[in-house]
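Each chain gets a letter, A, B and so on, in the order the sequences are listed, and its residues count up from 1. Because only heavy atoms are used, hydrogens play no part in the values below, and waters and symmetry mates are left out as well, while side chains stay in.
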Number of protein chains: 2
Amino acid sequence: MNTSDIHDVAKAAGVSISTVSRAFTRPDLVKKSTRDKVLQAADKLNFNISRSAGTLKTGRTNRVALLMNEEITSWFNAHVFAGLESVLHDAGYDISLYQHIDTASTRRDFFTTLPVRRNVDAVFVASFAVDPEEAAQLKRINVPIIGINIPKTDSFDASVSIDDEAGMRTAAQHLIALGHRHIVYACSAASDTIDASIDARGRGFINACEDAQRAGRDIQWQVLTVPRGSDIADSALAALLSLPEFPDAICCQMDMIAIPLVMKLQRYGHITPRDYSIIGFDDSHYADTANLTTMRQDPWAMGAAAARKALKLIDGEPLDEAHTVLRPQLTLRGTDAPFVPQS
Amino acid sequence: MNTSDIHDVAKAAGVSISTVSRAFTRPDLVKKSTRDKVLQAADKLNFNISRSAGTLKTGRTNRVALLMNEEITSWFNAHVFAGLESVLHDAGYDISLYQHIDTASTRRDFFTTLPVRRNVDAVFVASFAVDPEEAAQLKRINVPIIGINIPKTDSFDASVSIDDEAGMRTAAQHLIALGHRHIVYACSAASDTIDASIDARGRGFINACEDAQRAGRDIQWQVLTVPRGSDIADSALAALLSLPEFPDAICCQMDMIAIPLVMKLQRYGHITPRDYSIIGFDDSHYADTANLTTMRQDPWAMGAAAARKALKLIDGEPLDEAHTVLRPQLTLRGTDAPFVPQS
DNA sequence: TTGAAAGCGTTACCAA
DNA sequence: TTGGTAACGCTTTCAA
């Protein structure tokens with residue numbers, strides 16, 4: 001009952017297989033009445049054009065690969081994925097996902113097997129740098145390589161990233177401009193196997209503070225680094241509370257640190273913005289609910305933009321701008337306030 | 001430089017194309033020395049077996065479809081997807097995603113085009129019911145149909161769901177057992193186009209309350225329904241605050257309602273668990289941070305279980321249990337407390 | 001606007 | 001353990 005092929009449909013519709021093929025893939029080349037006949041016959045026979053067979057002939061796989069460092073369940077990754085989907089799905093592409101390309105062993109596995117070779121039309125790399133040797137291997141699969149939030153553009157045909165450093169510099173400057181004197185930067189330790197784009201944020205914070213000091217500002221700042229893991233926020237909380245003096249401002253590497261801090265510090269009597277200002281980064285889940293002032297970035301839009309570039313590259317079209325860098329946006333809400341020193 | 005096919009590799013390795021094919025897809029059938037020769041030649045020629053060509057011959061597409069009502073960025077969907085991936089990726093499958101199969105028009109589009117026909121080896125349907133006519137159409141694609149959190153199992157070959165009704169009944173019973181007298185159920189309005197599994201939760205709440213009353217409990221309960229949309233929690237907050245009398249317990253359809261409520265009610269002087277108990281459902285983002293007592297479900301595990309069933313079905317193997325129903329688990333944290341009426 | 005025919009790069013059967 | 005060979009189901013010139 002299920003296996004009817006293009007020949008059966010052709011016979012049923014009284015046309016050639018060429019016409020059946022065209023009726024599906026280039027409807028405009030077929031007279032409407034013929035097309036209707038074909039489509040009707042196809043439906044009756046439970047037929048649909050086979051993607052794989054077409055692929056074989058055309059050399060287009062209609063598939064792209066997406067390499068991610070962590071799991072797709074993270075806020076950033078899920079939104080990048082959805083953004084890619086929003087343009088690739090309608091263009092007829094599937095996304096073949098490769099998660100956890102972050103440990104030494106998963107990376108080696110991937111880059112030596114190179115399972116995507118000859119099997120995808122483009123490769124997206126989200127949020128990590130590829131080292132020179134890996135880049136050379138990727139090049140050999142001979143399809144466009146598009147980066148999303150990558151630390152450097154070498155070896156990518158196109159990319160869409162945010163300027164993490166400038167973003168965090170803006171965040172710190174905002175706190176400084178508010179008059180804060182004692183600012184701590186709460187962040188998770190950098191991974192040793194991958195050069196996460198997120199690490200640039202720490203530099204932005206430090207630069208802003210040093211600039212302010214050079215300009216004569218009397219501020220005191222420090223970086224509070226806690227181990228990576230599921231309890232980043234709790235570690236940060238503990239570190240913060242055991243400081244000799246509680247800061248008047250906290251600059252967080254990401255909302256995922258800031259939000260728990262806001263909620264939990266409250267239980268210890270530290271209320272924002274009354275007692276301290278705090279700023280996040282991402283504008284992710286619940287940032288609005290928590291009324292968190294933060295630096296907004298839009299990974300969904302980044303994914304969509306990256307996908308549009310990929311489509312052009314696949315079609316051999318030139319790009320207006322190969323590498324796009326976006327500025328995260330200071331989003332003012334309720335966790336920041338001017339600081340008035342208690343004399 | 002890039003287009004070498006199986007023949008080139010065969011020549012370079014001094015073997016037949018059959019051997020090359022086997023070296024990749026059934027390494028165990030090829031002598032190790034031969035296999036090494038082939039793999040080496042392949043690497044030199046920048047070759048890798050083409051999935052599409054294999055597909056054509058074997059009839060296996062190595063692709064499955066996943067139908068979702070909303071976007072993959074939602075907590076539930078992202079975790080289901082990751083769970084599916086965790087078993088399907090290694091089995092060699094890609095997931096072809098169909099999002100937003102929820103409005104009348106996207107549904108009709110999908111079910112009349114049936115783009116997956118002959119193009120996938122299985123279809124997963126997450127979190128919505130298919131109506132009888134749609135079911136009939138799905139059947140015609142002649143591959144296993146697996147449901148994830150579907151309201152009824154008719155027309156599915158297998159499924160993994162949670163018992164939403166029993167889960168919410170447990171939640172309500174917990175509140176009742178704590179001695180609460182005035183309980184409100186905060187939920188979003190049911191969608192009119194799809195029969196979301198989530199709607200069963202409301203029934204669970206009502207049943208628990210009615211049972212308690214029949215058993216002589218002196219409780220007062222009501223259902224607070226707010227329109228769907230991004231500001232569900234704010235609508236619920238407003239509705240709650242405009243009640244003639246503030247309840248002593250709130251039972252929420254999902255954590256996404258409970259968490260903002262906990263945070264915002266606080267600003268109005270209602271502190272949990274001091275002034276009221278509140279329970280969520282899902283154990284999603286920040287439930288632990290918010291210290292929210294909730295009913296836990298594990299969509300990642302559900303996705304993984306569904307994927308394992310699909311694999312068996314594809315291989316024609318029998319299932320130990322076609323339809324699995326999981327019980328969400330009462331997860332006690334800090335937003336519930338015994339209720340002592342102020343005399 | 002339609003048809004005929006030559007592949008596309010594999011897999012799997014059968015034979016050696 | 002390996003090789004020869006006939007499909008697999010389509011797309012795409014080229015011709016009509």
Side-chain angles (χ1 to χ4, degrees), chain A residues 2-39 41-42 45-63 92 115-121 141-143, chain B residues 2-39 41-42 45-63 92 115-121 141-143:
Chain A
N2 57 72
T3 26
S4 33
D5 67 1
I6 202 170
H7 293 98
D8 303 327
V9 178
K11 199 181 306 167
V15 298
S16 73
I17 61 165
S18 318
T19 301
V20 176
S21 172
R22 281 187 287 252
F24 279 95
T25 49
R26 284 147 174 331
D28 42 307
L29 296 185
V30 179
K31 194 167 47 165
K32 180 156 188 352
S33 61
T34 315
R35 191 173 64 223
D36 289 346
K37 248 189 336 199
V38 171
L39 263 24
L45 289 171
N46 194 14
F47 172 87
N48 192 357
I49 216 77
S50 152
R51 300 232 262 134
S52 326
T55 286
L56 186 53
K57 184 67 189 170
T58 60
R60 290 265 179 107
T61 66
N62 291 315
R63 196 183 311 145
V116 299
R117 195 191 270 172
R118 299 208 324 147
N119 283 312
V120 299
D121 300 329
I141 72 174
N142 232 44
V143 296
Chain B
N2 57 72
T3 25
S4 33
D5 67 1
I6 202 170
H7 292 98
D8 303 326
V9 178
K11 202 181 305 168
V15 298
S16 73
I17 61 165
S18 316
T19 301
V20 176
S21 172
R22 280 188 289 252
F24 279 95
T25 48
R26 285 149 174 333
D28 42 306
L29 296 185
V30 180
K31 194 165 50 163
K32 180 157 188 351
S33 62
T34 314
R35 191 173 64 221
D36 289 346
K37 250 188 334 196
V38 170
L39 262 26
L45 289 171
N46 195 12
F47 171 87
N48 192 357
I49 216 76
S50 153
R51 299 232 262 134
S52 323
T55 287
L56 184 53
K57 183 62 190 173
T58 60
R60 288 265 180 108
T61 65
N62 291 316
R63 196 183 315 154
V116 299
R117 195 190 271 175
R118 298 208 324 148
N119 283 312
V120 299
D121 300 329
I141 72 176
N142 233 45
V143 296

Within the 4.0 Å heavy-atom criterion, would you say [X] contacts the bases, only the backbone, or no part of the nucleic acid?
| X | answer |
| --- | --- |
| Phe47(B) | sugar-phosphate |
| His7(A) | nothing |
| Ser52(A) | nothing |

Nearest whole Å is fine: how far is [N] [atom2] from [X] [atom1]?
| X | N | atom1 | atom2 | value |
| --- | --- | --- | --- | --- |
| Lys37(B) | dT2(D) | NZ | C1' | 11 Å |
| Ile6(B) | dA12(C) | CD1 | C1' | 12 Å |
| Arg26(A) | dT12(D) | CZ | C1' | 9 Å |
| Arg51(A) | dT11(D) | CZ | C1' | 16 Å |
| Lys57(A) | dA5(C) | NZ | C1' | 10 Å |
| Lys31(A) | dG3(C) | NZ | C1' | 14 Å |
| Lys11(A) | dA4(C) | NZ | P | 13 Å |
| Ile49(A) | dT12(D) | CD1 | C1' | 13 Å |

With a 3.5 Å cut-off and just heavy-atom distances, do the side chain of Thr58(B) and the base of dA12(C) make a donor-acceptor pair? no
With no angle test and no hydrogens, is the base of dG3(C) tied to the side chain of Arg22(A) by a donor-acceptor pair under 3.5 Å? yes
Compare every heavy atom of Ala23(A) with every heavy atom of Val38(A), then report the nearest pair and how far apart it is. CG1-CB, 3.7 Å
Nearest heavy-atom approach of Arg63(A) to Ser52(B) is NH2-OG, 4.2 Å
When you check the phosphate oxygens OP1 and OP2 of [N], does a side-chain N or O of [X] lie under 4.0 Å from one of them?
| X | N | value |
| --- | --- | --- |
| Ser16(A) | dG3(C) | yes |
| Thr19(A) | dG3(C) | yes |
| Ser50(A) | dC8(D) | no |

What is the distance from atom [atom1] of [X] to atom [atom2] of [Y], rounded to the nearest 0.5 Å?
| X | Y | atom1 | atom2 | answer |
| --- | --- | --- | --- | --- |
| Ile6(B) | Ser18(B) | CD1 | OG | 8.0 Å |
| Thr61(B) | Asp121(B) | OG1 | CG | 3.5 Å |
| Arg51(B) | Leu56(B) | CZ | CG | 14.5 Å |

What nucleotide, of [options], holds the atom closest to the side chain of [X]?
| X | options | result |
| --- | --- | --- |
| Asp5(A) | dG9(D), dT2(D), dG4(D) | dG9(D) |
| Ile17(B) | dC8(C), dT2(D), dT5(D) | dT5(D) |
| Val30(B) | dG9(D), dT2(D), dG4(D) | dT2(D) |

Quick check: on DNA chain D, is the nucleotide nearest Thr34(B) upstream (toward 5') of the one nearest Leu56(B), or the reverse? Name the residue that is more 5'. Thr34(B)
Which sits closer to the 5' end of DNA chain D, Val20(A) or Ala53(B), going by the nucleotide each is nearest to? Ala53(B)
Donor-acceptor check, side chain of Thr19(A) to backbone of Val15(A), threshold 3.5 angstrom: yes or no? no
